[in-house]
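Protein chains get the first letters and strands the later ones, always in sequence-line order, with residue 1 at the start of each. Please read all numbers here as calculations on a predicted model, not as lab measurements.
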Amino acid sequence: MAKYVCSICGFVYDETEGIPEAGMAAGTKWDELPDDWVCPLCGAEKADFMKQGAPSTDHAEKPKTVHDASLDMQQLSPLEVSALCSNLARACEQQYKAEEADLFKELAGYFKSVSAPAKDPNFSQLLDLVEKDLEQDFPNAKAAASEVKDRGALRALTWSEKVTRILKSLLHRYQKEGDALLENTGVYVCTICGFIYIGDELPEVCPVCKVATWKFEKVEGR
Amino acid sequence: MSVTKKYAVRNIRLCTKDCLCLYVCPTGAADTENSIIDVEKCIGCGDCADACPSGAISLVPFEYPPQQPKTESVVSTLNTLLRSKAKQENIAAGLPGKLAKAIEKSNRIMAEDIIREAGYMLPQSHNTRQFLQSLLEQNPEGFPRETVEKLLTVLYDQKEDKQMKENKILDNLMEAFAGESQANRKYLAYAKQAEKEGKLNAAKLFRAAADAETLHAFKLLEVAGKIGSTADNLKDGITGETYEYKEMYPAFVKEAEAAGNKAAVMAYTFAMKAEEVHAKLYQEALENIDQTEEVFYYLCPVCGNIEKFVPDKCSICGIPGKKFIKY
Ligand SMILES: [Zn+2]
Ligand SMILES: [Zn+2]
(Lines give C-alpha, C1' and ligand atoms only; values in the text may rest on other atoms or scores of the structure.)
(Ligands and ions follow the chains in the order given, each with its own letter.)
Protein backbone atom coordinates (compact mmCIF):
# COMPACT_ATOMS: atom_id res chain seq x y z
CA MET A 1 0.00 0.00 0.00
CA ALA A 2 1.42 3.36 -1.00
CA LYS A 3 0.62 7.03 -0.67
CA TYR A 4 0.49 9.58 -3.47
CA VAL A 5 0.94 13.33 -2.93
CA CYS A 6 -0.60 16.10 -5.03
CA SER A 7 2.22 18.32 -6.25
CA ILE A 8 -0.10 21.33 -6.43
CA CYS A 9 -1.80 21.36 -3.03
CA GLY A 10 -0.21 18.59 -0.97
CA PHE A 11 -3.33 16.38 -0.74
CA VAL A 12 -2.36 12.77 0.06
CA TYR A 13 -4.13 9.77 -1.49
CA ASP A 14 -3.59 6.81 0.83
CA GLU A 15 -4.29 3.43 -0.83
CA THR A 16 -4.93 1.86 2.59
CA GLU A 17 -7.76 4.28 3.31
CA GLY A 18 -9.10 5.10 -0.13
CA ILE A 19 -11.78 7.79 -0.20
CA PRO A 20 -14.92 5.85 0.82
CA GLU A 21 -17.19 8.91 0.74
CA ALA A 22 -16.30 9.36 -2.95
CA GLY A 23 -16.81 5.68 -3.80
CA MET A 24 -13.16 4.60 -3.54
CA ALA A 25 -13.12 1.78 -1.01
CA ALA A 26 -10.25 1.33 1.40
CA GLY A 27 -7.48 -0.55 -0.38
CA THR A 28 -8.17 0.95 -3.83
CA LYS A 29 -4.83 0.98 -5.62
CA TRP A 30 -3.56 4.14 -7.28
CA ASP A 31 -3.55 2.38 -10.64
CA GLU A 32 -7.18 1.38 -10.15
CA LEU A 33 -8.27 5.01 -9.93
CA PRO A 34 -9.82 6.12 -13.24
CA ASP A 35 -7.49 8.02 -15.57
CA ASP A 36 -9.68 11.12 -15.36
CA TRP A 37 -9.69 11.13 -11.56
CA VAL A 38 -8.60 14.50 -10.19
CA CYS A 39 -7.41 15.78 -6.82
CA PRO A 40 -10.52 16.36 -4.68
CA LEU A 41 -8.97 19.47 -3.19
CA CYS A 42 -7.55 21.37 -6.12
CA GLY A 43 -8.54 19.50 -9.29
CA ALA A 44 -5.01 18.47 -10.34
CA GLU A 45 -4.67 15.47 -12.68
CA LYS A 46 -3.25 12.08 -11.69
CA ALA A 47 -0.06 12.90 -13.54
CA ASP A 48 0.55 15.77 -11.12
CA PHE A 49 0.76 13.32 -8.16
CA MET A 50 4.00 11.80 -6.90
CA LYS A 51 4.45 8.56 -5.02
CA GLN A 52 5.43 9.38 -1.44
CA GLY A 53 9.01 8.39 -0.66
CA ALA A 54 9.91 7.98 -4.33
CA PRO A 55 12.91 10.00 -5.45
CA SER A 56 11.75 13.37 -6.68
CA THR A 57 11.22 13.28 -10.41
CA ASP A 58 11.60 17.03 -10.64
CA HIS A 59 12.83 17.59 -14.15
CA ALA A 60 16.48 18.51 -14.23
CA GLU A 61 16.06 22.23 -14.60
CA LYS A 62 18.17 23.35 -17.46
CA PRO A 63 17.25 25.97 -19.99
CA LYS A 64 16.47 24.49 -23.37
CA THR A 65 16.44 27.58 -25.52
CA VAL A 66 17.78 31.01 -24.89
CA HIS A 67 15.58 33.99 -25.64
CA ASP A 68 17.24 37.34 -25.71
CA ALA A 69 14.19 39.57 -25.63
CA SER A 70 14.14 41.99 -22.73
CA LEU A 71 11.05 43.85 -21.59
CA ASP A 72 11.10 46.37 -24.41
CA MET A 73 8.09 48.64 -24.15
CA GLN A 74 7.80 49.07 -27.91
CA GLN A 75 7.48 45.29 -28.25
CA LEU A 76 4.65 44.81 -25.77
CA SER A 77 1.20 44.08 -27.17
CA PRO A 78 -1.68 46.24 -25.93
CA LEU A 79 -2.94 43.37 -23.78
CA GLU A 80 0.48 42.99 -22.18
CA VAL A 81 0.61 46.73 -21.50
CA SER A 82 -2.86 46.38 -20.01
CA ALA A 83 -1.61 43.64 -17.64
CA LEU A 84 1.34 45.84 -16.69
CA CYS A 85 -1.07 48.64 -15.83
CA SER A 86 -3.45 46.45 -13.83
CA ASN A 87 -0.44 45.02 -11.96
CA LEU A 88 0.61 48.56 -11.06
CA ALA A 89 -2.97 49.35 -10.01
CA ARG A 90 -2.77 46.42 -7.56
CA ALA A 91 0.57 47.67 -6.28
CA CYS A 92 -0.94 51.10 -5.66
CA GLU A 93 -3.86 49.54 -3.79
CA GLN A 94 -1.43 47.65 -1.57
CA GLN A 95 0.16 50.99 -0.75
CA TYR A 96 -3.25 52.59 -0.09
CA LYS A 97 -2.83 54.90 -3.06
CA ALA A 98 -6.43 54.90 -4.27
CA GLU A 99 -6.13 57.75 -6.76
CA GLU A 100 -3.10 56.26 -8.49
CA ALA A 101 -4.76 52.83 -8.52
CA ASP A 102 -7.78 54.25 -10.34
CA LEU A 103 -5.59 55.97 -12.91
CA PHE A 104 -3.70 52.74 -13.65
CA LYS A 105 -7.02 50.85 -13.90
CA GLU A 106 -8.21 53.40 -16.43
CA LEU A 107 -5.07 52.79 -18.51
CA ALA A 108 -5.47 49.02 -18.18
CA GLY A 109 -9.05 49.35 -19.44
CA TYR A 110 -8.00 51.47 -22.38
CA PHE A 111 -5.27 49.06 -23.51
CA LYS A 112 -7.57 46.05 -23.15
CA SER A 113 -10.19 47.83 -25.25
CA VAL A 114 -7.78 48.52 -28.13
CA SER A 115 -6.40 44.98 -28.18
CA ALA A 116 -7.35 43.11 -31.37
CA PRO A 117 -9.59 40.08 -30.67
CA ALA A 118 -8.08 36.63 -31.24
CA LYS A 119 -8.80 35.11 -34.67
CA ASP A 120 -11.02 31.99 -34.57
CA PRO A 121 -10.42 31.25 -30.92
CA ASN A 122 -10.97 27.72 -29.60
CA PHE A 123 -10.21 25.65 -26.53
CA SER A 124 -7.56 23.49 -28.15
CA GLN A 125 -5.42 26.59 -28.85
CA LEU A 126 -5.52 27.21 -25.12
CA LEU A 127 -4.44 23.66 -24.38
CA ASP A 128 -1.53 23.96 -26.84
CA LEU A 129 -0.25 27.11 -25.14
CA VAL A 130 -0.68 25.62 -21.65
CA GLU A 131 1.33 22.57 -22.70
CA LYS A 132 4.07 24.71 -24.20
CA ASP A 133 4.24 26.78 -21.00
CA LEU A 134 4.60 23.67 -18.86
CA GLU A 135 7.05 21.82 -21.08
CA GLN A 136 9.33 24.64 -22.00
CA ASP A 137 8.78 28.14 -20.69
CA PHE A 138 8.27 27.44 -16.98
CA PRO A 139 11.39 25.21 -16.75
CA ASN A 140 13.39 27.88 -18.59
CA ALA A 141 12.21 30.71 -16.39
CA LYS A 142 12.66 28.70 -13.18
CA ALA A 143 16.21 27.78 -14.18
CA ALA A 144 17.05 31.42 -14.93
CA ALA A 145 15.54 32.57 -11.62
CA SER A 146 17.19 29.86 -9.49
CA GLU A 147 20.56 30.56 -11.04
CA VAL A 148 20.51 34.09 -9.62
CA LYS A 149 18.43 33.19 -6.53
CA ASP A 150 15.65 35.54 -7.55
CA ARG A 151 13.21 34.58 -4.81
CA GLY A 152 10.47 36.91 -5.97
CA ALA A 153 10.48 35.48 -9.47
CA LEU A 154 10.62 31.90 -8.17
CA ARG A 155 7.59 32.54 -5.98
CA ALA A 156 5.57 33.91 -8.89
CA LEU A 157 6.69 31.06 -11.15
CA THR A 158 5.78 28.41 -8.58
CA TRP A 159 2.28 29.78 -8.22
CA SER A 160 1.60 30.35 -11.89
CA GLU A 161 3.04 26.99 -12.89
CA LYS A 162 0.68 25.26 -10.46
CA VAL A 163 -2.25 27.30 -11.70
CA THR A 164 -1.29 26.42 -15.28
CA ARG A 165 -1.36 22.70 -14.36
CA ILE A 166 -4.86 23.21 -13.00
CA LEU A 167 -5.86 24.92 -16.25
CA LYS A 168 -4.51 21.93 -18.15
CA SER A 169 -6.57 19.58 -15.97
CA LEU A 170 -9.69 21.70 -16.46
CA LEU A 171 -9.21 21.90 -20.22
CA HIS A 172 -8.83 18.11 -20.42
CA ARG A 173 -11.97 17.61 -18.37
CA TYR A 174 -13.86 20.13 -20.45
CA GLN A 175 -12.83 18.33 -23.64
CA LYS A 176 -14.32 15.13 -22.25
CA GLU A 177 -17.32 16.34 -20.30
CA GLY A 178 -18.22 19.53 -22.15
CA ASP A 179 -20.64 21.91 -20.49
CA ALA A 180 -21.76 19.19 -18.06
CA LEU A 181 -18.58 20.06 -16.14
CA LEU A 182 -20.05 23.46 -15.31
CA GLU A 183 -23.69 22.63 -14.84
CA ASN A 184 -25.19 23.62 -11.51
CA THR A 185 -21.90 24.44 -9.97
CA GLY A 186 -20.02 27.55 -9.01
CA VAL A 187 -16.82 28.68 -10.74
CA TYR A 188 -14.39 30.76 -8.69
CA VAL A 189 -11.05 32.41 -9.40
CA CYS A 190 -8.46 33.20 -6.72
CA THR A 191 -7.77 36.91 -7.20
CA ILE A 192 -4.26 36.49 -5.80
CA CYS A 193 -2.80 33.61 -7.87
CA GLY A 194 -5.42 32.85 -10.54
CA PHE A 195 -6.35 29.35 -9.29
CA ILE A 196 -9.73 28.21 -10.66
CA TYR A 197 -12.09 26.28 -8.41
CA ILE A 198 -15.13 24.45 -9.70
CA GLY A 199 -17.64 23.50 -7.04
CA ASP A 200 -19.78 25.02 -4.36
CA GLU A 201 -17.92 24.22 -1.17
CA LEU A 202 -14.91 26.44 -1.13
CA PRO A 203 -11.86 25.22 0.79
CA GLU A 204 -10.74 27.50 3.61
CA VAL A 205 -7.61 28.64 1.83
CA CYS A 206 -6.46 28.64 -1.78
CA PRO A 207 -4.71 25.30 -2.53
CA VAL A 208 -2.01 27.14 -4.48
CA CYS A 209 -1.23 30.45 -2.75
CA LYS A 210 -2.92 29.72 0.61
CA VAL A 211 -4.79 33.02 0.74
CA ALA A 212 -8.13 32.86 2.60
CA THR A 213 -10.85 32.08 0.08
CA TRP A 214 -12.86 35.22 0.73
CA LYS A 215 -10.36 36.57 -1.78
CA PHE A 216 -11.94 34.29 -4.42
CA GLU A 217 -14.22 35.85 -6.98
CA LYS A 218 -17.28 34.04 -8.30
CA VAL A 219 -17.45 33.94 -12.09
CA GLU A 220 -20.89 34.54 -13.57
CA GLY A 221 -21.79 33.32 -17.04
CA ARG A 222 -21.70 35.44 -20.15
CA MET B 1 20.55 51.61 12.74
CA SER B 2 18.27 52.92 10.07
CA VAL B 3 14.62 53.64 10.65
CA THR B 4 12.30 54.05 7.69
CA LYS B 5 9.86 56.87 8.14
CA LYS B 6 6.33 55.54 8.21
CA TYR B 7 2.81 56.87 8.33
CA ALA B 8 -0.49 55.33 9.37
CA VAL B 9 -3.31 54.41 7.00
CA ARG B 10 -6.78 53.18 7.86
CA ASN B 11 -8.48 50.38 5.93
CA ILE B 12 -12.03 51.69 5.95
CA ARG B 13 -13.48 48.28 5.12
CA LEU B 14 -12.05 46.83 8.33
CA CYS B 15 -12.73 49.85 10.55
CA THR B 16 -15.44 49.16 13.14
CA LYS B 17 -15.58 52.78 14.29
CA ASP B 18 -14.40 52.06 17.81
CA CYS B 19 -12.41 55.26 17.46
CA LEU B 20 -9.68 54.38 19.95
CA CYS B 21 -7.30 55.79 17.35
CA LEU B 22 -8.73 59.27 17.87
CA TYR B 23 -8.22 58.90 21.57
CA VAL B 24 -4.59 57.79 21.45
CA CYS B 25 -3.31 59.85 18.50
CA PRO B 26 -0.97 62.52 19.96
CA THR B 27 -1.35 64.90 17.01
CA GLY B 28 -5.00 64.55 16.03
CA ALA B 29 -4.01 63.10 12.64
CA ALA B 30 -6.65 60.36 12.96
CA ASP B 31 -9.41 62.89 13.54
CA THR B 32 -10.61 63.74 10.05
CA GLU B 33 -14.00 64.11 8.36
CA ASN B 34 -13.35 61.49 5.71
CA SER B 35 -11.68 58.91 8.01
CA ILE B 36 -8.43 59.15 6.03
CA ILE B 37 -5.53 59.73 8.40
CA ASP B 38 -3.88 63.09 7.77
CA VAL B 39 -0.39 62.34 6.42
CA GLU B 40 0.80 65.86 7.19
CA LYS B 41 -0.04 65.49 10.87
CA CYS B 42 0.91 61.82 11.33
CA ILE B 43 4.26 61.38 13.06
CA GLY B 44 4.36 57.62 12.48
CA CYS B 45 4.31 56.70 16.18
CA GLY B 46 2.04 53.68 15.61
CA ASP B 47 -0.08 54.26 18.74
CA CYS B 48 -3.27 54.16 16.66
CA ALA B 49 -2.34 50.85 15.01
CA ASP B 50 -1.59 49.31 18.42
CA ALA B 51 -4.84 50.59 19.89
CA CYS B 52 -7.17 49.62 17.02
CA PRO B 53 -9.19 46.54 18.07
CA SER B 54 -10.03 45.56 14.49
CA GLY B 55 -6.56 45.76 12.96
CA ALA B 56 -7.78 48.40 10.52
CA ILE B 57 -4.70 50.60 10.82
CA SER B 58 -1.28 49.78 9.47
CA LEU B 59 1.90 51.74 9.16
CA VAL B 60 3.29 52.07 5.66
CA PRO B 61 6.69 53.44 4.76
CA PHE B 62 7.12 56.72 2.88
CA GLU B 63 9.87 55.08 0.88
CA TYR B 64 9.79 51.46 -0.24
CA PRO B 65 13.10 49.64 -0.55
CA PRO B 66 13.89 48.99 -4.21
CA GLN B 67 12.96 45.64 -5.75
CA GLN B 68 15.75 43.09 -6.23
CA PRO B 69 17.48 43.90 -9.53
CA LYS B 70 16.40 41.63 -12.36
CA THR B 71 18.87 39.90 -14.62
CA GLU B 72 18.51 39.86 -18.37
CA SER B 73 17.80 36.11 -18.48
CA VAL B 74 15.12 36.30 -15.76
CA VAL B 75 13.40 39.18 -17.53
CA SER B 76 13.49 37.52 -20.94
CA THR B 77 12.19 34.14 -19.75
CA LEU B 78 9.43 35.84 -17.75
CA ASN B 79 8.63 37.92 -20.81
CA THR B 80 8.08 34.75 -22.85
CA LEU B 81 5.58 33.53 -20.26
CA LEU B 82 3.91 36.93 -20.10
CA ARG B 83 3.42 36.78 -23.86
CA SER B 84 1.85 33.33 -23.63
CA LYS B 85 -0.47 34.31 -20.74
CA ALA B 86 -1.63 37.41 -22.59
CA LYS B 87 -2.33 35.28 -25.67
CA GLN B 88 -4.37 32.85 -23.59
CA GLU B 89 -6.30 35.72 -22.02
CA ASN B 90 -7.08 36.98 -25.49
CA ILE B 91 -8.24 33.60 -26.80
CA ALA B 92 -10.35 32.96 -23.71
CA ALA B 93 -11.90 36.43 -24.07
CA GLY B 94 -13.24 35.35 -27.46
CA LEU B 95 -14.83 32.13 -26.17
CA PRO B 96 -18.28 31.74 -24.57
CA GLY B 97 -19.08 30.36 -21.15
CA LYS B 98 -18.09 30.55 -17.52
CA LEU B 99 -14.96 28.44 -17.89
CA ALA B 100 -13.59 30.68 -20.65
CA LYS B 101 -14.32 33.72 -18.52
CA ALA B 102 -12.53 32.15 -15.55
CA ILE B 103 -9.55 31.24 -17.75
CA GLU B 104 -9.42 34.80 -19.08
CA LYS B 105 -9.28 36.17 -15.53
CA SER B 106 -6.84 33.55 -14.33
CA ASN B 107 -4.40 34.36 -17.12
CA ARG B 108 -4.64 38.07 -16.40
CA ILE B 109 -3.77 37.46 -12.75
CA MET B 110 -0.79 35.29 -13.72
CA ALA B 111 0.36 37.87 -16.28
CA GLU B 112 0.22 40.59 -13.61
CA ASP B 113 2.23 38.52 -11.17
CA ILE B 114 4.83 37.63 -13.80
CA ILE B 115 5.27 41.20 -14.96
CA ARG B 116 5.53 42.36 -11.36
CA GLU B 117 8.49 40.04 -10.93
CA ALA B 118 10.02 41.18 -14.21
CA GLY B 119 10.84 44.47 -12.45
CA TYR B 120 7.49 46.25 -12.13
CA MET B 121 6.60 45.72 -8.49
CA LEU B 122 6.74 49.37 -7.40
CA PRO B 123 4.83 52.24 -8.95
CA GLN B 124 7.58 54.53 -7.60
CA SER B 125 10.35 52.70 -9.42
CA HIS B 126 12.50 54.00 -12.23
CA ASN B 127 11.14 51.21 -14.46
CA THR B 128 7.56 52.31 -13.99
CA ARG B 129 8.47 55.91 -14.60
CA GLN B 130 10.22 55.01 -17.85
CA PHE B 131 7.26 52.91 -18.89
CA LEU B 132 4.84 55.78 -18.34
CA GLN B 133 7.12 58.15 -20.23
CA SER B 134 7.34 55.70 -23.13
CA LEU B 135 3.53 55.73 -23.32
CA LEU B 136 3.63 59.45 -23.96
CA GLU B 137 5.80 58.93 -27.03
CA GLN B 138 2.98 57.19 -28.87
CA ASN B 139 -0.35 58.87 -29.22
CA PRO B 140 -3.00 56.75 -30.92
CA GLU B 141 -6.58 57.96 -31.11
CA GLY B 142 -8.51 57.96 -27.88
CA PHE B 143 -5.34 57.41 -25.84
CA PRO B 144 -5.88 58.88 -22.35
CA ARG B 145 -2.80 61.05 -22.38
CA GLU B 146 -3.89 63.14 -19.42
CA THR B 147 -4.17 60.00 -17.27
CA VAL B 148 -0.52 59.19 -17.91
CA GLU B 149 0.53 62.78 -17.31
CA LYS B 150 -1.43 62.87 -14.08
CA LEU B 151 0.24 59.65 -12.90
CA LEU B 152 3.67 61.06 -13.69
CA THR B 153 2.82 64.12 -11.64
CA VAL B 154 1.32 62.43 -8.60
CA LEU B 155 3.87 59.64 -8.46
CA TYR B 156 7.09 61.54 -9.06
CA ASP B 157 6.84 65.33 -9.14
CA GLN B 158 5.02 65.66 -5.84
CA LYS B 159 7.54 63.41 -4.17
CA GLU B 160 10.52 65.32 -5.52
CA ASP B 161 8.83 68.56 -4.65
CA LYS B 162 8.17 67.41 -1.12
CA GLN B 163 11.74 66.20 -0.69
CA MET B 164 13.06 69.51 -1.97
CA LYS B 165 10.84 71.46 0.39
CA GLU B 166 11.94 69.31 3.30
CA ASN B 167 15.61 69.83 2.44
CA LYS B 168 15.05 73.57 2.20
CA ILE B 169 13.35 73.61 5.60
CA LEU B 170 16.29 71.79 7.16
CA ASP B 171 18.74 74.21 5.55
CA ASN B 172 16.77 77.16 6.90
CA LEU B 173 16.60 75.68 10.39
CA MET B 174 20.34 75.17 10.50
CA GLU B 175 21.01 78.62 9.13
CA ALA B 176 18.75 80.17 11.76
CA PHE B 177 20.44 78.05 14.44
CA ALA B 178 23.86 79.36 13.35
CA GLY B 179 22.58 82.95 13.40
CA GLU B 180 20.98 82.69 16.85
CA SER B 181 24.05 80.94 18.28
CA GLN B 182 26.36 83.66 16.96
CA ALA B 183 24.09 86.38 18.28
CA ASN B 184 24.21 84.77 21.72
CA ARG B 185 28.01 84.77 21.86
CA LYS B 186 28.21 88.25 20.33
CA TYR B 187 25.80 89.76 22.90
CA LEU B 188 27.67 88.12 25.76
CA ALA B 189 30.88 89.65 24.42
CA TYR B 190 29.08 93.02 24.17
CA ALA B 191 27.79 92.63 27.74
CA LYS B 192 31.33 92.09 29.02
CA GLN B 193 32.46 95.18 27.14
CA ALA B 194 29.57 97.21 28.60
CA GLU B 195 30.47 96.05 32.12
CA LYS B 196 34.06 97.13 31.52
CA GLU B 197 32.81 100.56 30.51
CA GLY B 198 30.53 100.70 33.54
CA LYS B 199 27.37 100.77 31.36
CA LEU B 200 25.54 98.29 33.56
CA ASN B 201 22.06 98.75 32.12
CA ALA B 202 23.28 98.07 28.61
CA ALA B 203 25.20 95.06 29.95
CA LYS B 204 22.02 93.70 31.52
CA LEU B 205 20.06 94.10 28.30
CA PHE B 206 22.80 92.33 26.33
CA ARG B 207 22.75 89.40 28.77
CA ALA B 208 18.97 89.10 28.62
CA ALA B 209 19.00 89.25 24.82
CA ALA B 210 21.81 86.68 24.73
CA ASP B 211 19.66 84.32 26.83
CA ALA B 212 16.73 84.89 24.51
CA GLU B 213 18.84 83.89 21.52
CA THR B 214 19.90 80.75 23.39
CA LEU B 215 16.24 79.75 23.79
CA HIS B 216 15.68 80.25 20.07
CA ALA B 217 18.79 78.29 19.16
CA PHE B 218 17.79 75.32 21.39
CA LYS B 219 14.32 75.19 19.86
CA LEU B 220 15.66 75.38 16.29
CA LEU B 221 18.16 72.58 16.88
CA GLU B 222 15.43 70.44 18.40
CA VAL B 223 13.01 71.02 15.51
CA ALA B 224 15.78 70.20 13.02
CA GLY B 225 16.06 66.81 14.76
CA LYS B 226 19.73 67.33 15.53
CA ILE B 227 19.62 66.46 19.22
CA GLY B 228 20.19 62.75 19.72
CA SER B 229 20.82 60.49 22.70
CA THR B 230 23.75 61.45 24.91
CA ALA B 231 25.88 58.70 23.35
CA ASP B 232 25.08 60.07 19.89
CA ASN B 233 25.75 63.61 21.03
CA LEU B 234 29.15 62.61 22.48
CA LYS B 235 30.04 61.01 19.16
CA ASP B 236 28.96 64.16 17.38
CA GLY B 237 31.10 66.21 19.78
CA ILE B 238 34.12 64.02 19.01
CA THR B 239 33.61 64.44 15.27
CA GLY B 240 33.24 68.22 15.53
CA GLU B 241 36.18 68.82 17.83
CA THR B 242 38.41 66.46 15.88
CA TYR B 243 37.66 68.25 12.64
CA GLU B 244 38.47 71.59 14.26
CA TYR B 245 41.81 70.63 15.78
CA LYS B 246 43.02 68.43 12.93
CA GLU B 247 41.88 70.37 9.89
CA MET B 248 40.25 73.71 10.46
CA TYR B 249 42.59 75.42 12.94
CA PRO B 250 45.89 74.16 11.45
CA ALA B 251 44.90 75.75 8.14
CA PHE B 252 43.82 78.97 9.88
CA VAL B 253 47.07 79.13 11.85
CA LYS B 254 49.09 78.85 8.64
CA GLU B 255 47.17 81.66 6.98
CA ALA B 256 47.44 83.92 10.03
CA GLU B 257 51.19 83.23 10.29
CA ALA B 258 51.67 84.05 6.61
CA ALA B 259 49.82 87.34 7.17
CA GLY B 260 51.83 88.04 10.33
CA ASN B 261 48.69 88.38 12.52
CA LYS B 262 50.06 87.28 15.88
CA ALA B 263 46.83 87.78 17.87
CA ALA B 264 44.93 85.50 15.48
CA VAL B 265 47.72 82.91 15.57
CA MET B 266 47.49 82.82 19.35
CA ALA B 267 43.68 82.63 19.48
CA TYR B 268 43.69 79.77 16.90
CA THR B 269 46.47 77.89 18.65
CA PHE B 270 44.80 78.03 22.07
CA ALA B 271 41.48 76.94 20.60
CA MET B 272 43.13 74.18 18.55
CA LYS B 273 44.89 72.70 21.58
CA ALA B 274 41.79 72.99 23.72
CA GLU B 275 39.62 71.28 21.09
CA GLU B 276 42.01 68.35 21.04
CA VAL B 277 41.59 68.02 24.82
CA HIS B 278 37.79 68.26 24.42
CA ALA B 279 37.75 65.50 21.83
CA LYS B 280 39.71 63.22 24.20
CA LEU B 281 37.42 64.01 27.13
CA TYR B 282 34.32 63.30 25.03
CA GLN B 283 35.85 59.99 23.98
CA GLU B 284 36.52 59.09 27.63
CA ALA B 285 33.01 60.12 28.63
CA LEU B 286 31.57 57.98 25.84
CA GLU B 287 33.55 54.96 27.00
CA ASN B 288 32.36 55.47 30.57
CA ILE B 289 28.88 56.61 29.74
CA ASP B 290 27.24 54.44 32.38
CA GLN B 291 29.63 55.44 35.16
CA THR B 292 27.72 56.80 38.16
CA GLU B 293 30.66 57.93 40.29
CA GLU B 294 30.84 61.73 40.06
CA VAL B 295 33.55 63.31 37.90
CA PHE B 296 34.73 66.95 38.16
CA TYR B 297 36.03 69.04 35.31
CA TYR B 298 38.14 72.21 35.60
CA LEU B 299 38.01 74.86 32.92
CA CYS B 300 40.81 77.28 32.14
CA PRO B 301 39.02 80.64 31.77
CA VAL B 302 41.72 81.98 29.45
CA CYS B 303 42.25 79.38 26.72
CA GLY B 304 39.37 76.91 27.19
CA ASN B 305 41.52 74.00 28.29
CA ILE B 306 39.64 71.46 30.43
CA GLU B 307 41.32 69.23 33.04
CA LYS B 308 40.00 66.55 35.39
CA PHE B 309 42.16 67.87 38.26
CA VAL B 310 43.46 71.32 39.26
CA PRO B 311 46.90 71.69 37.63
CA ASP B 312 49.78 73.85 38.89
CA LYS B 313 49.38 75.90 35.80
CA CYS B 314 47.45 75.51 32.53
CA SER B 315 49.29 73.18 30.20
CA ILE B 316 48.19 75.24 27.20
CA CYS B 317 48.32 78.92 28.23
CA GLY B 318 50.25 78.77 31.51
CA ILE B 319 47.92 80.65 33.88
CA PRO B 320 47.93 79.47 37.54
CA GLY B 321 45.71 76.50 38.36
CA LYS B 322 43.83 78.32 41.08
CA LYS B 323 42.08 80.38 38.39
CA PHE B 324 40.42 77.23 36.94
CA ILE B 325 36.63 76.99 37.26
CA LYS B 326 35.19 73.80 38.71
CA TYR B 327 32.24 71.95 37.05
ZN1 LIG C 1 -4.31 18.89 -5.13
ZN1 LIG D 1 -4.60 31.56 -4.78
Name the member of [options] that forms the most heavy-atom pairs with chain A at distances under 4.5 Å.
options: B:Ala111, B:Pro96, B:Gly142, B:Ala102; answer: B:Ala102
options: B:Asn90, B:Leu132, B:Val74; answer: B:Asn90
options: B:Thr71, B:Ile91, B:Leu122; answer: B:Ile91

Separation between [atom1] of [X] and [atom2] of [Y], rounded to the nearest 0.5 Å:
X: A:Leu88; Y: B:Leu155; atom1: CG; atom2: CG; value: 9.0 Å
X: A:Asp133; Y: B:Arg83; atom1: CG; atom2: CZ; value: 13.0 Å
X: B:Leu99; Y: A:Asp179; atom1: CG; atom2: CG; value: 9.0 Å
X: A:Arg155; Y: B:Arg116; atom1: CZ; atom2: CZ; value: 5.5 Å
X: B:Lys87; Y: A:Leu129; atom1: NZ; atom2: CG; value: 6.0 Å
X: B:Leu78; Y: A:Asp150; atom1: CG; atom2: CG; value: 7.5 Å

* Do B:Lys150 and A:Glu106 meet the salt-bridge criterion of a basic N to acidic O distance under 4.0 Å? -> no

For [X], look at atom [atom1] and say whether over 12 heavy atoms of other residues, nucleotides or ligands are found less than 6.0 Å away.
X: A:Lys46; atom1: NZ; answer: yes
X: A:Glu147; atom1: CD; answer: no
X: B:Glu175; atom1: CD; answer: no
X: B:Lys219; atom1: NZ; answer: no
X: B:Glu146; atom1: CD; answer: yes

Part of [X] within contact of chain B (heavy atom distance under 4.5 Å):
X: A:Cys92; result: both
X: A:Val189; result: side chain
X: A:Ser86; result: both
X: A:Val114; result: neither
X: A:Arg90; result: side chain
X: A:Ala89; result: neither
X: A:Gln95; result: both
X: A:Lys149; result: backbone
X: A:Lys112; result: side chain
X: A:Ser82; result: both
X: A:Leu103; result: both

Name the option with the most non-hydrogen atom pairs under 4.5 Å to chain B; the candidates are [options].
options: A:Ile166, A:Leu171, A:Val130; result: A:Val130
options: A:Ile196, A:Ile198, A:Val163, A:Val187; result: A:Ile196
options: A:Leu181, A:Asp102, A:Leu167; result: A:Leu167

* Asked: Between B:Lys85 and A:Thr164, do the side chains contain an N or O donor and an N or O acceptor separated by less than 3.5 Å?
  -> yes

* To do: Check the side chains of B:Ser58 and A:Tyr96 for a donor-acceptor pair under 3.5 angstrom, ignoring hydrogens and angles.
  => yes

Using atom types as modelled and distance alone, determine if a side-chain donor or acceptor of [X] lies under 3.5 Å from a backbone N or O of [Y].
X: A:Asp137; Y: B:Leu82; answer: no
X: B:Asp113; Y: A:Ser160; answer: no
X: B:Lys98; Y: A:Val219; answer: no

Closest heavy-atom pair and its distance - [X], [Y]:
X: B:Glu117; Y: A:Ala153; value: OE1-N, 3.4 Å
X: A:Gly194; Y: B:Ser106; value: O-OG, 2.7 Å
X: B:Met110; Y: A:Cys193; value: CG-O, 3.8 Å

Are the side chains of [X] and [Y] in touch, meaning some heavy atoms are under 4.5 Å apart?
X: B:Ile109; Y: A:Phe195; answer: no
X: A:Leu79; Y: B:Arg108; answer: yes
X: A:Leu157; Y: B:Leu81; answer: yes

* Asked: Can you say whether B:Glu104 sits under 4.5 Å from chain A via the side chain, the backbone, both, or neither, judging by heavy atoms?
  -> side chain

* Asked: Checking B:Val60 against chain A: side chain, backbone, both or neither under 4.5 Å from a heavy atom?
  -> side chain

* Before giving the answer on side-chain contact (heavy atoms from CB on, under 4.5 Å), spell out for A:Tyr174 and B:Ile103 the whole-Å C-alpha distance, their side-chain angles and the decisive distance to 0.1 Å. => CA-CA 12 Å; A:Tyr174 189 65; B:Ile103 291 176; over 6 Å; no

* Just do the side-chain contact (heavy atoms from CB on, under 4.5 Å) check on B:Leu135 and A:Phe111 with the steps written out, would you? => CA-CA 11 Å; B:Leu135 288 182; A:Phe111 282 104; 3.7 Å; yes

